[in-house]
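Structure first, then comments.
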Amino acid sequence: MDFFILFADAIDLVRNVDMYEQMSESKLYEAMPPKELWLDDWRRLENRSGPHVRRFFADKFACGLRECLGYKGVREEIIDGPNGPLYRLIYASKSEKGLEFWDKIAKKEIGGQHRFW
């Protein structure tokens, strides 16, 4: 089975990560892979600016998909709002064909326009 995940990291996570970390049962621990894969690295992370927090947790989430669940590939698309990033769409597949499909559709914007970069 492939996963298509809305990873809402730009608002709640950035604002409340320190509070969630202190709670023994929080959304953070429920959503992330086992804490052995990320908690020590998080505690050592010095730059906790919004972009660094978002990148850290997106990377660790993807790592959990690969290491814990056996997904071959993980792709993401950052969705921007009028004032910057809002969330990520994360796609995970155990199939090369699934990744091939994602790579093809990711080249188009919502309006159907191809991206060239």
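Positions are given from 1 along the sequence.
Considering every non-hydrogen atom in both G98 and S93, the closest pair reads CA-OG, 3.7 Å. Contact between G64 and L37 at its shortest, heavy atoms only, is CA-CD1, 4.3 Å. In terms of heavy atoms, R48 sits closest to E21 at NH1-OE1, 3.8 Å. L89 and L6 get closest at one heavy-atom pair: CD2-CA, 4.3 Å. Between W38 and P34, the shortest heavy-atom contact is CD1-O, 3.4 Å.
Residues D41 and F56 have side chains in contact (heavy-atom distance under 4.5 Å, counting atoms from C-beta outward). Counting heavy atoms from C-beta on, the side chains of I90 and R75 never come closer than 4.5 Å. Side-chain atoms of E77 and W102, non-hydrogen and from C-beta on, do get closer than 4.5 Å to each other. You'll find the side chain of Y87 stays beyond 4.5 Å of the side chain of I78, heavy atoms only. At least one side-chain heavy atom of I5 sits under 4.5 Å from a side-chain heavy atom of F61.
A continuous path of Ile, Leu, Val, Met, Phe, Trp and Tyr side chains, each step under 4.5 Å between heavy atoms, connects I105 with I79, placing both in one hydrophobic cluster. V14 is connected to M19 through a chain of hydrophobic side-chain contacts under 4.5 Å among Ile, Leu, Val, Met, Phe, Trp and Tyr, so both are in one cluster.
Shown here is R15, whose CZ atom has no more than 12 heavy atoms of other residues, nucleotides or ligands within 6.0 Å.
Under the 4.0 Å criterion applied to side-chain N and carboxylate O atoms, K27 and E30 are not assigned as salt-bridge partners.
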Q: Go through Y71 and D2 one step at a time and tell me if the side-chain hydrogen bond (donor to acceptor under 3.5 Å, both in side chains) criterion holds.
A: CA-CA 8 Å; Y71 281 83; D2 292 354; 6.0 Å; no
Q) What's the verdict on side-chain contact (heavy atoms from CB on, under 4.5 Å) for D9 and R88, showing C-alpha distance, side-chain angles and the deciding distance? A) CA-CA 7 Å; D9 61 341; R88 295 170 199 272; 2.6 Å; yes
Q: May I have the step-by-step check of side-chain contact (heavy atoms from CB on, under 4.5 Å) for S26 and N16, ending in yes or no?
A: CA-CA 11 Å; S26 71; N16 299 311; over 6 Å; no
Q | Steps toward side-chain contact (heavy atoms from CB on, under 4.5 Å) verdict (V53, W42) | A | CA-CA 9 Å; V53 168; W42 169 249; 3.8 Å; yes
Q. Can you check side-chain contact (heavy atoms from CB on, under 4.5 Å) on V17 and L28, steps first, answer last?
A. CA-CA 8 Å; V17 67; L28 181 63; 4.2 Å; yes
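The CE atom of M32 sits 10.0 Å away from atom SG of C68, with the distance rounded to the nearest 0.5 Å.
No side-chain donor-acceptor contact under 3.5 Å links R54 to the backbone of L13. At distances below 3.5 Å, not a single donor-acceptor pair connects side-chain atoms of K60 with backbone N or O atoms of R55.
Counting only N and O atoms by type, the side chains of K35 and Y29 include no donor and acceptor under 3.5 Å apart.
For an aromatic pair to be called close, the ring centres must be under 6.0 Å apart, and Y91 with F3 fails this.
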